[in-house]
Amino acid sequence: MTRFIGLIGYPLRHSLSPDFQQAAFDYHRLDIHYETWETPPKMLQAAMARLKQSDVIGANITLPYKEKALNFVDAVDDSIREIGAVNTIINRKGKLQAYNTDVEGFLHSLDIEAKFDPRGKRATILGAGGAARAVCFALLRRDTSLLVIVNRTIERAETLVKLGLNYVARVGKTAEIVFLPCHSSQLREAIQNSHLIVNCTTMGMRHSPGENQSPLVANWIPQNALVYDLVYNPPETTLLREAKKAGASTLSGLAMLVYQGAASFRIWTGREAPLDIMFSAAREGIAQYEAGGI
Ligand code: NAP
C-alpha cells in the first residue's frame, strides 16, 4: 500500500523538497509518495487532521506555519519546547509528534559548506519567523556571543529575544541577545560589526512578494562577514549578489535544505538518508527553475 508524506505550507511553488525527498524514497525502493499540500490559512486544521490517517507517515511544515502547526500536535521533541517551531511531523498511530530538523540542517551547512565556527562570534539575524527561531537556537547552542535580531514586526522579534534569553539563563550561557527594528539608526553599525549575517526572511524568494528584493545593500555588508541566505530558490539571491559585491563570503540555503530534509527522512523511515542522491535531485530541481522550465 502506498503511504504518503505531505509538505504543508503556503505558497509552495518555490519548494524543492518534493524533488529530493522523492528521489530518496525511490532510491530505497520505499512505496512512499511525497506530496505538496499547498494549504491556505483556513485549511491548516484540515491538513493537520489528514496527517492522522493511517496511510500518512508524516509531514514537513514550512512557511508560514512552523509556529502555528504546533497547536495541532500531540507530542513534541525536547528541542521544540525551546524553539517553538516545527518542521517535521511523524504520525504515530494517530498521534502527531513534532520535531525541528532546521537546527541540525543549519549547523551541518555552517560546518560542512562554510567551515564557519560560530563560537564567540557576533551574528545578525534578519527575520523572526519559524526559520529565525531555529537559527537563533542553533547559534546559541554553539556559543555565539551576540545575536542581533532584526524584524519588521516588533512583537515577533521580542518574543524570540525572550525565548533566547530564557534559554541562555537556564543553561548558564553568556550570550547577549538584542532586537533592533528595521529602521533603527544603530542597525548599520550592528551589521558592520557582524561576523555572520543570516537572512531568515522571505525577501528574495522566488514567487514571493519580495522576489528579487534584498534586505541589505553592498555598502552595509562587511568584507570579512559570512552572508548566509536561507532562501534557496533562486540559488543566487539579490542579497548574495550584494554580499559578493562587498567582498564577503556567501552561502545559499540549498545545503541546509538538504541536510534538514535528510534528518526528516531518518525520522520518517529509520534509514540513512542518501545524501548524494538528495543533493543531486535538489540541484537538478533548481536547474529546471533556472532554465525557466517551472
Ligand atoms: P515565516 O515564519 O513566515 O517568517 C517570515 C519572515 O520573513 C518573518 O520574519 C517576516 O517578518 C519576514 N518578512 C516577510 N516578508 C517581508 C518583507 N517584505 N520585508 C521584511 N521582512 C519580511 O517563514 P519561515 O519559515 O521563517 O521562512 C523564512 C525563509 O527562510 C523562507 O524564505 C524559507 O524558504 C527559508 N527557509 C529555508 C530553509 C532552508 O533549509 N534553506 C529552512 C527554513 C526556511 P514579519 O514577522 O514582520 O512578518
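Whatever order the structure lists them in is the order used to number ligands and atoms, beginning at 1.
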Ligand-residue contact atoms, ligand 1 with [X], heavy atoms, under 4.0 Å:
| X | result |
| --- | --- |
| L63 | 3 (O), 23 (O), 24 (P), 25 (O), 31 (C), 33 (C), 34 (O) |
| Y232 | 41 (N) |
| G130 | 2 (O), 26 (O) |
| G129 | 2 (O), 4 (O), 9 (O), 26 (O) |
| G127 | 9 (O) |
| A131 | 24 (P), 25 (O), 26 (O), 27 (O), 30 (O), 43 (C), 44 (C) |
| G253 | 39 (C), 41 (N) |

Distance in Å, [X] [atom1] paired with [Y] [atom2], rounded so as to fall on 0.5 Å steps:
| X | Y | atom1 | atom2 | value |
| --- | --- | --- | --- | --- |
| D111 | E104 | CG | CD | 10.5 Å |
| R271 | H28 | CZ | NE2 | 6.0 Å |
| W268 | Y99 | CH2 | OH | 12.0 Å |
| E290 | E236 | CD | CD | 9.0 Å |
| N87 | R133 | CG | CZ | 13.5 Å |
| D117 | L110 | CG | CG | 9.0 Å |

Heavy-atom nearest neighbour in the protein, as seen from [atom], with distance rounded to 0.1 Å:
| atom | answer |
| --- | --- |
| atom 28 (C) of ligand 1 | C200 O, 3.3 Å |
| atom 20 (C) of ligand 1 | M203 SD, 3.7 Å |
| atom 7 (O) of ligand 1 | T201 CA, 3.2 Å |

Subject >> From Q213, K66, M256, Q260 - option closest to atom 43 (C) of ligand 1 by heavy atom >> reply: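 That would be K66.
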Original post:
Who's closest to atom 22 (C) of ligand 1 heavy-atom-wise, of E155, M205, R152, R156?
Top reply: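 Result: the heavy atom closest to atom 22 (C) of ligand 1 is in R152.
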Polar-atom distance check: [X] versus ligand 1, any N or O pair below 3.5 Å?
| X | answer |
| --- | --- |
| T153 | yes |
| V231 | no |
| L230 | yes |
| A128 | yes |

Original post:
What part of N151 sits under 4.0 Å from ligand 1 if we count only heavy atoms: the side chain, the backbone, both or neither?
Top reply: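 Near ligand 1, N151 shows its side chain, while the N, CA, C and O stay back.
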Original post:
Of the backbone atoms (N, CA, C, O) and the side-chain heavy atoms from C-beta on, which set of A134 has a member under 4.0 Å from an atom of ligand 1: side chain, backbone, both, or neither?
Top reply: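 Answer for A134: neither.
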Subject >> Audit row: S145, E176, side chain to side chain contact (heavy atoms under 4.5 Å, CB included) steps and yes/no >> reply: CA-CA 6 Å; S145 63; E176 195 185 338; over 6 Å; no
Original post:
If you count the non-hydrogen atoms of other residues, nucleotides and ligands that lie under 6.0 Å from CD in Q45, is the total more than 12?
Top reply: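 Not more than 12 within 6.0 Å, no.
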Original post:
Where do N100 and I80 come nearest, in terms of heavy atoms and distance?
Top reply: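 The answer is N-CD1, 3.6 Å.
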**OP:** Answer with yes or no after comparing the ring centroid distance for Y65 and Y10 against a 6.0 Å cut-off, counting only values under it.
**Re:**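 No: the rings miss the under 6.0 Å criterion.
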